[in-house]
Amino acid sequence: MKRALVFPGQGAQYVGMGMDLAQRHPVARDLLDQADEALGFALSDVIANGPEDELTRTDISQPAILVVSVMSLAVLKTVVKPLIFDAVAGLSLGEYTALVAAEALPFRDAVKLVRLRGQAMQAAAEAVPSGMVALIGADEVSAGKLCEAAANGEVLQVANLNSPGQVVISGTKSACERAAALAKDHGIRKAIALPVAGAFHSALMAPAAERLRAALAKAPFRDPKVPVYTNVHAGPVTKASEIPALLEAQLTKPVRWADSVVAMKSAGIDGFWELGPGKTLCGMITRTVSGAELRNLDTDKDVLAFATAG
């Protein structure tokens with residue numbers, strides 16, 4: 001069986017995530033300590049104790065989710081020997097975790113990059129009142145037409161293609177409000193405003209992409225050990241030279257998660273293991289392809305399920 005490891009993005013965080021892993025597995029605790037040292041503050045304390053509104057901040061949640069996801073990977077490697085996987089992918093922020101898993105980006109560098117990424121995205125979000133709206137019962141075409149109808153000259157675009165029937169759009173606050181009001185007129189079953197800081201994966205994130213560019217250019221990327229299926233074009237990347245531009249473009253382009261899952265399945269991947277907080281990706285994958293083996297490692301209790309699957 002060919003297997004892909006997949007990693008969650010922002011929104012998967014919760015207070016206390018990964019703490020059972022850290023308490024029982026020294027390798028997980030060590031990663032928390034490394035992250036605290038790399039960032040210069042006690043990220044581990046925020047993960048363990050919150051408060052929730054601080055953990056939810058874009059500049060905190062992004063490194064927190066990456067760290068806990070890599071902790072899950074490290075624990076899994078102690079249980080399943082050898083841990084064999086044929087591809088990796090991550091949802092938005094999770095693409096950085098996927099690069100760590102593919103040994104294309106050192107852990108400490110990834111932690112620093114996603115901290116900067118979160119700060120840059122937060123600043124861009126605060127510059128313009130903006131948001132995101134989940135469209136249930138939409139596809140890329142219908143979502144695009146809704147954006148055209150509701151934009152009124154403002155930024156409004158498709159941001160996430162999560163699974164068939166679930167699309168997220170992103171733009172200015174007023175454009176998002178108009179889109180939610182017009183959704184049913186465009187045959188879209190439901191529109192839900194998301195509790196996010198701003199219009200991620202839209203042109204409004206261009207200042208964040210520009211701020212991140214220099215850091216990406218200096219980051220010590222290496223050729224991935226396994227293909228990394230990227231959000232921007234949903235295809236595999238195997239060369240270090242391709243990575244920086246794709247991570248920069250990811251901030252302003254749609255996240256093609258469903259297309260990535262289909263591409264991996266077409267390449268012979270028939271098992272998907274979700275590592276990190278939550279089970280969101282498994283749900284998306286279930287709605288996107290059929291017949292795939294799905295497993296999840298969120299808590300220490302999940303480790304036993306993995307122990308017999310390697």
Side-chain angles (χ1 to χ4, degrees), residues 5-78 90-101 103-126 195-198 200 208 211-212 215-216 218-221 247 250-251 274-278 280-281 297-300 302-303:
L5 305 184
V6 296
F7 300 94
Q10 192 170 340
Q13 72 279 346
Y14 60 88
V15 174
M17 62 181 181
M19 288 303 104
D20 53 349
L21 297 173
Q23 289 165 5
R24 290 199 56 190
H25 303 277
V27 67
R29 180 70 244 181
D30 180 62
L31 287 165
L32 270 179
D33 293 341
Q34 286 187 51
D36 286 352
E37 184 181 346
L39 295 176
F41 72 94
L43 177 67
S44 59
D45 183 63
V46 182
I47 295 172
N49 302 308
E52 186 176 354
D53 59 350
E54 184 172 0
L55 181 61
T56 303
R57 275 174 37 196
T58 302
D59 59 329
I60 298 291
S61 65
Q62 293 201 20
I65 293 166
L66 180 140
V67 170
V68 172
S69 298
V70 176
M71 287 164 57
S72 298
L73 174 61
V75 170
L76 184 59
K77 285 181 175 179
T78 70
L91 183 73
S92 189
L93 155 72
E95 192 164 296
Y96 287 78
T97 321
L99 290 166
V100 174
E103 299 181 31
L105 180 62
F107 171 71
R108 292 171 69 99
D109 294 279
V111 170
K112 291 177 182 178
L113 271 176
V114 298
R115 168 71 166 166
L116 175 62
R117 181 182 187 265
Q119 290 172 330
M121 291 171 71
Q122 184 70 35
E126 291 172 358
V196 295
F200 302 145
R211 185 173 166 187
L212 195 61
L216 290 170
K218 295 176 184 176
F221 292 109
L247 290 178
Q250 187 208 67
L251 288 179
E274 180 179 2
L275 280 67
T280 300
L281 299 184
L297 179 58
D298 179 1
T299 67
D300 188 57
D302 298 324
V303 173

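These numbers come from the heavy atoms of this one structure, side chains and all, not from hydrogens, waters or symmetry mates. Numbers for residues simply follow the sequence, beginning at 1.
- Inter-residue side-chain proximity for Q13 and P8 is flagged as unmet; no heavy-atom pair is nearer than 4.5 Å.
- Closest of all the heavy-atom pairs between L275 and L5 is CD1-CD2, 4.1 Å.
- Here the CZ-OG1 distance, from R117 to T58, works out to 9.5 Å after rounding to the nearest 0.5 Å.
- Between L73 and K77 the shortest side-chain heavy-atom distance falls below 4.5 Å.
- Minimum interatomic distance between D298 and S72 (heavy atoms only, all atoms of both residues): O-OG, 4.5 Å.
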Before giving the answer on side-chain contact (heavy atoms from CB on, under 4.5 Å), spell out for F221 and D109 the whole-Å C-alpha distance, their side-chain angles and the decisive distance to 0.1 Å.
-> CA-CA 9 Å; F221 292 109; D109 294 279; over 6 Å; no
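- In this structure, the side chain of D36 does not engage the main chain of A42 through any donor-acceptor pair within 3.5 Å.
- You'll find the side chain of F7 stays beyond 4.5 Å of the side chain of V70, heavy atoms only.
- Annotation: the span from E274 atom CD to D302 atom CG amounts to 10.0 Å, rounded to 0.5 Å.
- You'll find the side chain of H25 stays beyond 4.5 Å of the side chain of M71, heavy atoms only.
- Within the model, atoms CG of L76 and CG of L21 stand 10.5 Å from one another, a figure rounded to the nearest 0.5 Å.
- When side chains are defined from C-beta on, L212 does not count as touching L247, because their heavy atoms never get closer than 4.5 Å.
- The shortest heavy-atom contact between R211 and Q119 is NH1-O, 3.8 Å.
- When all heavy atoms of S69 and P277 are compared, the closest pair comes out as OG-CD, 3.7 Å.
- Looking only at side-chain heavy atoms (C-beta outward), L55 and Y14 stay at 4.5 Å or farther from each other.
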Tell me, with the steps shown, if R115 and V111 meet side-chain contact (heavy atoms from CB on, under 4.5 Å).
-> CA-CA 6 Å; R115 168 71 166 166; V111 170; 5.6 Å; no
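- With values rounded to the nearest 0.5 angstrom, L105 atom CG is found 8.5 Å from Y96 atom OH.
- The two residues A110 and V100 make their nearest non-hydrogen contact at CB-CG2, 3.5 Å.
- Within a 6.0 Å sphere centred on CD of E52, heavy atoms belonging to other residues, nucleotides or ligands number 12 at most.
- Atom CD of Q10 is separated from atom CD1 of I60 by 11.0 Å, given to the nearest 0.5 angstrom.
- Using a 4.5 Å heavy-atom cutoff, the side chains of M17 and I65 are in contact.
- At distances below 3.5 Å, at least one donor-acceptor pair connects side-chain atoms of Q250 with backbone N or O atoms of S92.
- Contact between L116 and A215 at its shortest, heavy atoms only, is CD2-CB, 3.5 Å.
- Note that the CG atom of L32 and the CG atom of D45 stand 11.0 Å from one another [nearest 0.5 Å].
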